[in-house]
Each structure stands twice: as structure tokens, then as C-alpha cells.
Amino acid sequence: MPFGGWDMPLHYGSQLEEHDTVREHAGVFDVSHMCPVDVEGPDAQAFLRRLLANDVAKLKTVGQALYSCLLNDSGGVVDDLIVYLRGPSGHYRLVVNAGTADKDLTWLETQRWRGSFDVTIRRRTDLAMLAIQGPQARELTATCLPREMAESALELAPFHAVECGGWFIARTGYTGEDGFEMLLPADHVVDLWSVLLDAGVRPCGLGARDTLRLEAGMNLYGQDMGEDVGPLESGLAWTVAWEPADRDFIGRTALEELRTSPERREFVGLLLTGRGVLRAHQTVLSNGREVGEITSGGFAPTLQRSIALARVAPGLGETCEVEMRGKPVAARIVKPPFVRQGRILVEL
Amino acid sequence: MSTLPADLKYTATHEWVRDNGDGTVTVGITDHAQAALGDIVFVEVPESGRSVAAEDACAVVESVKAASDIYAPLAGEIIAGNATLADTPDAINTSPYADGWIFRLSPSDPAALATLLDATAYAQLVADES
């Protein structure tokens, strides 16, 4: 299927089997559509502290990673990304979404110019990316790497990365399981892919990637948040660094207004108790009244139930209904994530 | 390659129809349709006694990807829905022409069965679609 200008496999056979593989064993996703962007220069830190809602000053050691939103002036989300500190003197790498990469680059360049920041912004189209995820992912990946690289990779703490010769290995992911995300020269990726498959890692497509991230309560850009809905109404308040109070990041003024607003909508998880499948854009009802909308929904293979993420009016309580084909169907309101590290975290 | 039993009739919307020889027909979706939908996780079958017109949406099959309506191939009365699909919706994936049947129908005009596609015509339709 077409995805952000890329032709991507939805599955390699069975989406459900691929999902289970990642929860129980190890799967590999070709995520080369994700776009690495290197930001370097004397002003790199100041630039990113202005651009990102999270604070890159939190990154103390080389290799450390941070999840953040890139906001517009009205506090909406231009994109969500992971930023890695690559060198002590202002070397950063961002990994942004495929569908938003062009827009992000334009936004970064505009802001660089507007603030006269001394930075270079370089899109790394020469790099491919694989995500190897699952309880056995790290060990199996290590067997596919040269010894020194394997040792460094296995020593990584969560949300840290290491670089060996042009390979960039991060202990991050989008599935709720342990594993690596690896950036490497595009001409090496087919070899690595085959070696991983030989080692018993199974190929997984976009379909499983979506159900895994949904169970893990992780947002999908353009669906759960976007230019018109900011982090405070999409479950990402934890990624906004309010302190220090004098850090004037783009979108801050708008977020501060919304922060104290009684109308601020909540971002919740839904667990379907009636029959059917929750889907994006279905209407959430409370006592027959429209109170919100599902932003992501589907069948959760690990729970064998249908779940969703939804944006709803504040103060709903523990239950609601979702309108499906004109009829209200009962659901419970829960706090995401639904699953982490193979464990179900919500009461079924 | 999907299998296509020669003794069944087919619709352009990918249902198969089996003549039970007693004035009733059994309806399901083809192997081609289940493969296109992907893993099926929920099925809503019609209630017995419901009257349907030909091409009425009367059941829903939800896969990991999306919800799809299933249409009545002929006008008539629903006489049974496959209740076992509530617990094993994936029977449509694994056994589309047997365990994965969706409903039984008593057509108001049994002769209308002859107007549906035969296996050769349906195979051609699938080939033309792809």
C-alpha cells in the first residue's frame, strides 16, 4: 500500500501472526520511510530548545534519546519525533515521520532563518532503517552483528543509542516491546535484513506495527494528533518540558492558555465491552450525548478485544458508548497503555 | 491461488451461494474475498426471520483492516446465521466455503439462483479486477 510516498507491505502473510511474533519472539520492520535529519552547528542546542516542546538540555550523555513534539505557533503538532544527542558539542539526529518530512524540513529551515541560528540541517536519504522488536529482538540482532558492535548494542540502556562505523543502533521502538531501531547505509540494509531473517527474526508489516503501537498506547501522527490538536489533548503532556519557565519554545504561549482551560479535552483509552470493532472517527457517546471521537481503533490481538484511543470531553467517568453503524455499543474508559512488554495492563 | 468450487454460484460482490436442494441456499464470502480482507476478527450475522431484498447489506465482516458489508445475493428470508462465528470469526479465513458460512436464506424466487455468476464467470471477474 502507498504510505507517505513509499510503497509498504501491510503484512507478509498474516498480520495477527506478525503481531504475536513481536509480543512473544522477535520481528523486523523495514521502516526506511522514517526520515533521519542531522542538525549540527554551534547553535544546534539553542535551535532545538526553541523548536521542540521537550527540552534537549535534558540530554546529558552522548547517545541519549528524547521523544518530543515539534509545535507550530498555535501549539498544534507539526510532527512528533525522536531526537538523539550524537556528540558533546551540538550534534543531534532527529528521526521524523515519512509523510511529514518535507513539511518538517521547510519548517526547520524557516525557523533557522527567522532566528538566525548557526546550524546546518541535513536530511539523510542515504540511510535505511530497520526496527527489530520483541523480547528476543536484542539477542537475535546481536548474533547478526560484528562482535564489537554487538557488545556495544547489548550494553545500551533503554532510550540510548550507539554509533559504530556509519551504523546507528538505538534501543527504541514503537511496539511496547524491547528491541532496536537501526539506521545504516542503504546499500547494507538488504544484507542485514536477510541475516536477521536467517537468525529467526520474522518480517512484519505496517498492519502489525499499527496494532502493536495501539496496544502500547503510542500515538500516530496525523491520526491521534496533528496541526490542529496539540500534545495536551493527545496524551502527550508528559513530553512538554515546562521548566525552565523562561525557555521560550514555539507554541508555549498557546499551550499555557490551554493548560488551565476547563474545556481541555482528555485523551483516553477505550476497551469495547459490547460487540464489534472500534475504528477511527467513530463518535463517543455518554448518556446518548456526543462527547468525543475515536482517533485510533482496532482489534487488539494481545487482548483479543477491540480497543481505541479517543479524545473526549473532561470528566466522563468509567464507561461510555461508541456509535457503530447507528447503534450505541458499550465501552469502558481506561488509561493507556493497554500492553507493555507482553503484559496486559488493563483489566479485561 | 484461491480455490473456486465449481458447484457454487457467485456474486460480483464476492459472496458464494450454495443451493442446498431443499429450497434454501447457504451464503459466505469467497476465498479471494477473505484473502483480500486479511485476518477476520468480528462477524455480525443477520437474525433469522429477517426479510431481505437482493443486494441488501445484511451482515458485516470486520478484518484487522476494515469493516465490509456482506450482501444478500437473492431476495428472501434469512433462516439462520452462523452463530459459531461469534467465537471463531477466523473460520472465514481458514474455511471460507464450509465452516465459514455466514447465513442461510430461503429465496422468494428459487429460479433467480440461475441468474448468479458461475465459477468461470466469477473467476473472470476477479481476473478483470486485478
Side-chain angles (χ1 to χ4, degrees), chain A residues 1-3 8-23 204-215 220 223 271-283 294 296-308 322-331, chain B residues 1-3 13-14 29-48 50 52-53 55-72 78 80-96 99-100 102-103 129-130:
Chain A
M1 66 172 288
F3 186 85
M8 306 270 298
L10 209 48
H11 57 80
Y12 293 85
S14 162
Q15 180 178 325
L16 290 177
E17 283 173 24
E18 290 168 19
H19 178 105
D20 292 344
T21 286
V22 172
R23 287 276 178 258
C204 299
L206 270 189
R209 188 167 160 82
D210 193 52
T211 49
L212 288 159
R213 71 92 195 168
L214 177 62
E215 286 185 346
L220 175 60
Q223 202 163 305
L271 182 70
L272 189 67
T273 44
R275 285 167 45 78
V277 180
L278 300 169
R279 304 278 184 190
H281 308 303
Q282 286 170 344
T283 301
I294 287 181
S296 288
F299 178 76
T302 309
L303 288 77
Q304 290 291 305
R305 296 276 286 275
S306 183
I307 60 170
V322 175
E323 192 176 311
M324 275 186 224
R325 291 183 280 277
K327 285 175 283 185
V329 183
Chain B
M1 198 52 221
S2 47
T3 52
T13 47
H14 306 286
I29 62 169
T30 64
D31 193 29
H32 169 75
Q34 71 76 21
L37 288 172
D39 296 303
I40 289 162
V41 294
F42 175 75
V43 186
E44 190 176 292
V45 299
E47 282 174 26
S48 303
R50 177 173 155 192
V52 292
E55 296 173 22
D56 269 4
C58 64
V60 178
V61 170
E62 297 224 23
S63 76
V64 285
K65 288 185 218 165
S68 306
D69 286 323
I70 307 303
Y71 302 96
I78 303 287
N82 183 355
T84 64
L85 293 177
D87 291 326
T88 55
D90 57 327
I92 293 178
N93 293 120
T94 55
S95 174
D99 297 346
I102 298 173
F103 57 90
E129 271 184 8
S130 58

Segment of B:Val60 engaging chain A (4.5 angstrom heavy-atom cut-off): side chain
Proximal component of B:Ala66, with respect to chain A [non-hydrogen, under 4.5 Å]: backbone
Rounded distance (nearest 0.5 Å) linking atom CZ of A:Arg305 with atom CZ of B:Phe42: 13.0 Å
A:Lys327 side, atom NZ; B:Glu44 side, atom CD - distance, nearest 0.5 Å: 4.5 Å
Atom of A:Arg279, atom of B:Ala67 and distance for their closest heavy-atom approach: NH2-N, 3.8 Å
Side chain B:Asp39, main chain A:Ser14, donor-acceptor under 3.5 Å: no
Trace of the side chain to side chain contact (heavy atoms under 4.5 Å, CB included) decision for B:Glu62 with A:Phe299: CA-CA 9 Å; B:Glu62 297 224 23; A:Phe299 178 76; over 6 Å; no
Positive for side chain to side chain contact (heavy atoms under 4.5 Å, CB included) with B:Val64, one of A:Asp210, A:Leu16, A:Val277, A:Leu10: A:Leu16
More than 12 heavy atoms of other groups within 6.0 Å of A:Glu323 CD: yes
Within 6.0 Å of CD in A:Glu17, more than 12 heavy atoms from elsewhere: no
Leading residue by heavy atom contact count with chain B [cutoff under 4.5 Å; candidates A:Gln304, A:His11, A:Gln15]: A:Gln15
A:Arg325, part contacting chain B, at a heavy-atom distance under 4.5 Å: side chain
